[in-house]
Engineer: 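Mind having a look at this structure? Questions to follow.
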Amino acid sequence: MSRKNTRAESPVHRHPADNAAPRRSRAELEFDEQTVLGALFGQFDANLVQLENRLGVYISARGNRIQIDGPEDSVARARDVLKGMHLRLMEGQELDSGAVEALIAMSSEPTLDGIISGDTKSPAVMIRTRRKTIVPRSATQIDYMKALVRDDMIFALGPAGTGKTYLAVAQAVSQLISGSVQRLILSRPAVEAGERLGFLPGDMKEKVDPYLRPLYDALYDCMPPEQVERRLASGEIEIAPIAFMRGRTLADAFVILDEAQNTTREQMKMFLTRFGQNSRMVICGDPKQVDIPGGDRMSGLADAVGRLEGIEGIGTIRFTAADVVRHPIVGRIVEAYEGKAE
């Protein structure tokens, strides 16, 4: 159905002539699949407004034709982002404000070509699960998703909200479904509980579950709930605190350790040496958020990265505040705190 964009009469951005202004340009796009135009533009043209505000361009739309005016570089970025938005919709993927923001962020990266533009010479980077197809939302996520396929062991370092654990869980679910691994093991140190664990109500599972909840959340987002419950009951999926890993050999498994900065050196060594045949291990954590009781104990994550980085088969991916894919304000909060720390 053809859609007329009424924003043309009241543009968000106007650019008066200015001799010092960047070289101006105009680009036009035409989309044949009019059924997706509503989702492409967003409710009340919210997606187009987001593009205008972030890139400093003016966008007008008539039916299935879009015209972009503004500084030359910004127009080129807006054009590529719109193509990426359209491609996501045609592949049946969701297009919310976060996805638009991610495409905008990646539009300044050379890796954008082939990731969102549909260039068949460069295969798209994505993870397919039963519930959704996940594509990268930052340049570092592209490197991370490639490492999840390539490396036997990956250290994913960086602040909250960068997708470290979520993408690892998604890749693990994808490999479990395909049969390339037989088990999915998710672990996390229950540091906050410490020796007070016995004072919490319930059995051991009920005591530690609150600390493992983020892993459950990521799992349910990638797999239908009934499948999660069935695989948990059968042992194909196991979620347990790191202490439960001692003495085991984790073969034919995709193993994820979350909040790894809160492990001691002894715990980390124990965990890493559980690595078995046909396994993949991902260790996620934020080296700047160490909560180990006592305060003077070195994080097992920092120690392990220092010892193992550069060894064949082991990859290290470092995220920054610029890679935060939650609400943009989260990235600004992280930057503010990191700035204070420095």
Side-chain angles (χ1 to χ4, degrees), residues 140 143-144 147-148 151-169 185-198 200 207-208 210-215 239-250 253-276 279-324 330 333-342:
T140 309
D143 295 335
Y144 184 39
L148 288 170
D151 298 327
D152 295 323
M153 182 179 293
I154 304 103
F155 288 96
L157 315 176
T162 51
K164 305 183 299 296
T165 304
Y166 184 85
L167 291 176
V169 171
I185 300 174
L186 309 174
S187 187
R188 193 181 193 192
V191 167
E192 297 87 346
E195 295 181 357
R196 299 186 182 93
L197 207 60
L200 296 176
K207 292 177 190 291
V208 300
Y211 305 101
L212 304 173
R213 179 49 52 186
L215 298 176
I239 303 178
I242 191 172
F244 286 35
M245 301 296 110
R246 191 174 298 277
R248 304 175 59 184
T249 299
L250 307 176
F254 198 115
V255 189
I256 301 171
L257 176 61
D258 192 28
E259 297 291 332
Q261 75 276 5
N262 290 329
T263 60
T264 64
R265 284 181 287 188
E266 294 77 15
Q267 286 176 321
M268 180 61 76
K269 179 182 177 182
M270 176 274 294
F271 181 81
L272 295 178
T273 53
R274 301 308 94 199
F275 194 88
S279 288
R280 180 153 294 153
M281 189 173 280
V282 183
I283 301 94
C284 307
D286 182 358
K288 296 185 178 181
Q289 295 291 326
V290 178
D291 300 312
I292 299 175
D296 58 348
R297 306 183 72 179
M298 182 177 183
S299 167
L301 177 62
D303 180 65
V305 172
R307 294 174 184 272
L308 303 177
E309 187 169 13
I311 292 179
E312 184 179 356
I314 299 178
T316 303
I317 303 294
R318 288 180 169 84
F319 293 88
T320 68
D323 298 303
V324 172
V330 177
I333 290 171
V334 171
E335 287 178 342
Y337 271 88
E338 288 183 349
K340 293 291 184 183
E342 295 169 358

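Sequential numbering from 1 along the given sequence is applied to the chain's residues. No hydrogens, no waters, no symmetry mates; every other heavy atom, side chains included, goes into these values.
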Engineer: For Gln289, is there any backbone N or O sitting under 3.5 Å from a side-chain donor or acceptor partner on Gln261?
Structural biologist: yes
Engineer: What distance separates Ile239 CD1 from Ile256 CD1, expressed to the nearest 0.5 Å?
Structural biologist: 9.5 Å
Engineer: Tell me, with the steps shown, if Asp303 and Lys269 meet side-chain contact (heavy atoms from CB on, under 4.5 Å).
Structural biologist: CA-CA 10 Å; Asp303 180 65; Lys269 179 182 177 182; over 6 Å; no
Engineer: Would you give the length of the straight line joining atom CE of Met281 to atom CD1 of Ile154, rounded to the nearest 0.5 angstrom?
Structural biologist: 10.5 Å
Engineer: Determine the minimum heavy-atom distance between Thr263 and Gln267, stating which atoms define it.
Structural biologist: CA-OE1, 3.3 Å
Engineer: Between Lys164 and Leu157, what is the shortest heavy-atom contact and its length?
Structural biologist: CD-C, 3.9 Å
Engineer: To the nearest 0.5 Å, what is the distance between CZ (Arg274) and CD1 (Ile185)?
Structural biologist: 11.5 Å
Engineer: Do you know the tightest heavy-atom contact between Phe254 and Ala168?
Structural biologist: CE2-O, 3.8 Å
Engineer: Please answer whether the main-chain N or O of Gly276 pairs with a side-chain N or O of Thr249 as donor and acceptor at a distance below 3.5 Å.
Structural biologist: no
Engineer: Does the side chain of Leu272 come within less than 4.5 Å of Arg307's, by heavy atoms?
Structural biologist: no
Engineer: Can a donor-acceptor pair be found, under 3.5 Å and without considering hydrogens, that links the side chain of Asp323 to the backbone of Thr320?
Structural biologist: yes
Engineer: Kindly indicate whether the side chain of Arg188, heavy atoms from C-beta on, has any atom under 4.5 Å from the side chain of Pro214.
Structural biologist: yes
Engineer: What heavy-atom pair brings Gly163 and Tyr144 nearest, and what distance separates the two atoms?
Structural biologist: O-CE2, 3.9 Å
Engineer: Considering only heavy atoms from C-beta outward, does the side chain of Val255 approach that of Phe271 to under 4.5 Å?
Structural biologist: yes
Engineer: By side-chain hydrogen bond (donor to acceptor under 3.5 Å, both in side chains), which residues pair with Arg280, not counting sequence neighbours?
Structural biologist: Gln175
Engineer: Applying side-chain contact (heavy atoms from CB on, under 4.5 Å), run through Met245 and Leu257 and close with a yes or a no.
Structural biologist: CA-CA 11 Å; Met245 301 296 110; Leu257 176 61; over 6 Å; no
Engineer: Does the side chain of Met268 come within less than 4.5 Å of Ile283's, by heavy atoms?
Structural biologist: yes
Engineer: At what distance, to the nearest 0.5 angstrom, does CD of Glu259 lie from CG of Leu215?
Structural biologist: 9.0 Å
Engineer: Ignoring hydrogens and angles, tell me if any N or O in the side chain of Asn262 forms a donor-acceptor pair with the backbone of Asp291 under 3.5 Å.
Structural biologist: yes
Engineer: Decide if atom CZ of Arg248 counts as having more than 12 heavy atoms of other residues, nucleotides or ligands within a radius under 6.0 Å.
Structural biologist: yes
Engineer: For Leu301 and Pro287, work out which heavy atoms get closest and say how close.
Structural biologist: CD2-CG, 4.3 Å
Engineer: Please report the closest heavy-atom contact between Pro159 and Thr162, naming both atoms and the distance.
Structural biologist: O-OG1, 2.9 Å
Engineer: Quick one, Leu186 with Asp258, criterion side-chain contact (heavy atoms from CB on, under 4.5 Å). Give me CA distance, side-chain angles, the key distance, then yes/no.
Structural biologist: CA-CA 8 Å; Leu186 309 174; Asp258 192 28; over 6 Å; no
Engineer: In the structure I gave you, are the side-chain heavy atoms of Thr140 and Arg318 within less than 4.5 Å of one another anywhere?
Structural biologist: no
